[in-house]
A.B. asks: 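Dropping the structure in here first, questions after.
Values reported hereafter were calculated over all heavy atoms of this structure, with side chains retained and with hydrogens, waters and symmetry mates removed.
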Amino acid sequence: MSPRRNRPRRDEIAAVDAERARHGVPTVQQWRDGDWQIRAISGGASVKTYRCPGCDQEIRPGVAHLVAWPADDRGDLTDRRHWHSGCWRARDRRGPNLQRGRGAPRYG
């Protein structure tokens with residue numbers, strides 16, 4: 001009788017997709033305005049500047065945040081929005097805070 005093997009074999013370990021690990025796993029959240037897919041973006045994966053639609057402030061590179069888009073296929077990639085995590089959680093309690101002029105640049 002051979003001794004019991006406690007470690008999994010290397011061929012049994014699932015390979016982690018580096019892109020998926022970097023960008024997070026999307027989850028679906030239900031809100032009053034429909035279902036939304038949410039993906040958390042870590043600070044290391046954030047490389048561009050975005051504008052949060054909740055507070056109208058910039059999300060700088062290196063800041064952890066989340067991306068939300070409609071989950072029921074009624075939208076496309078242009079419907080993705082980058083939000084501060086706190087702004088996303090508070091979006092039912094406050095309205096949009098749009099303060100920039102029409103000629104100001106849009107991010108994201």
Side-chain angles (χ1 to χ4, degrees):
M1 183 166 172
S2 62
R4 182 174 157 208
R5 186 178 189 138
N6 289 332
R7 289 188 224 146
R9 296 181 183 168
R10 290 199 181 267
D11 57 349
E12 294 175 359
I13 298 173
V16 177
D17 181 14
E19 191 70 17
R20 187 173 180 186
R22 187 178 140 203
H23 290 295
V25 178
T27 60
V28 176
Q29 292 183 5
Q30 294 178 341
W31 290 79
R32 282 188 274 169
D33 58 349
D35 294 346
W36 293 86
Q37 283 196 10
I38 308 299
R39 176 177 285 157
I41 304 294
S42 68
S46 176
V47 295
K48 288 175 53 179
T49 300
Y50 300 100
R51 187 165 297 275
C52 175
C55 65
D56 199 39
Q57 299 296 312
E58 288 184 346
I59 303 172
R60 297 279 185 180
V63 175
H65 61 281
L66 58 88
V67 180
W69 66 94
D72 56 2
D73 295 331
R74 61 175 190 213
D76 56 6
L77 291 178
T78 61
D79 292 325
R80 292 186 308 172
R81 296 291 177 255
H82 293 253
W83 291 74
H84 291 110
S85 300
C87 294
W88 176 257
R89 287 189 302 268
R91 70 189 197 103
D92 271 351
R93 296 190 302 267
R94 63 180 177 189
N97 187 16
L98 190 62
Q99 296 178 350
R100 66 180 182 273
R102 290 182 180 234
R106 272 190 87 102
Y107 298 100

A.B. asks: Which pair of heavy atoms, one from V28 and one from A71, lies closest together, and at what distance?
C.D. replies: CG1-CB, 4.2 Å
A.B. asks: Do side-chain atoms of R51 reach the backbone of D56 as a donor and acceptor pair under 3.5 angstrom?
C.D. replies: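 Present.
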A.B. asks: Not counting sequence neighbours, which residues clear ring-ring contact (aromatic ring centres under 6.0 Å, His included) with H65? List them please.
C.D. replies: Y50, H82
A.B. asks: Are V67 and I41 packed together at the side-chain level, in the sense that at least one heavy-atom pair is separated by less than 4.5 angstrom?
C.D. replies: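 With C-beta onward as the side chain, the pair touches.
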A.B. asks: Side-chain contact, heavy-atom cut-off 4.5 Å: P61 with V47?
C.D. replies: no
A.B. asks: Is there side-chain contact between C52 and H84, with at least one heavy-atom pair below 4.5 Å?
C.D. replies: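 C52 vs H84: side chains touch.
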A.B. asks: Going by the rule salt bridge (Lys or Arg N to Asp or Glu O under 4.0 Å), which residues pair with R60 if we only count those two or more places apart in sequence or in a different chain?
C.D. replies: E58
A.B. asks: Can you list the steps and then say if R39 with W69 is a side-chain contact (heavy atoms from CB on, under 4.5 Å)?
C.D. replies: CA-CA 9 Å; R39 176 177 285 157; W69 66 94; 4.1 Å; yes
A.B. asks: Any non-hydrogen side-chain atom of W83 less than 4.5 Å from a side-chain atom of R91?
C.D. replies: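 W83 vs R91: side chains touch.
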A.B. asks: Return the CH2 to CG distance between W36 and L66, rounded to the nearest 0.5 Å.
C.D. replies: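 Going from the CH2 atom of W36 to the CG atom of L66 covers 12.0 Å.
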A.B. asks: If the condition is side-chain contact (heavy atoms from CB on, under 4.5 Å), which residues does Q29 pass it with, not counting sequence neighbours?
C.D. replies: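 Applying side-chain contact (heavy atoms from CB on, under 4.5 Å) to Q29 gives W31, I38, W88.
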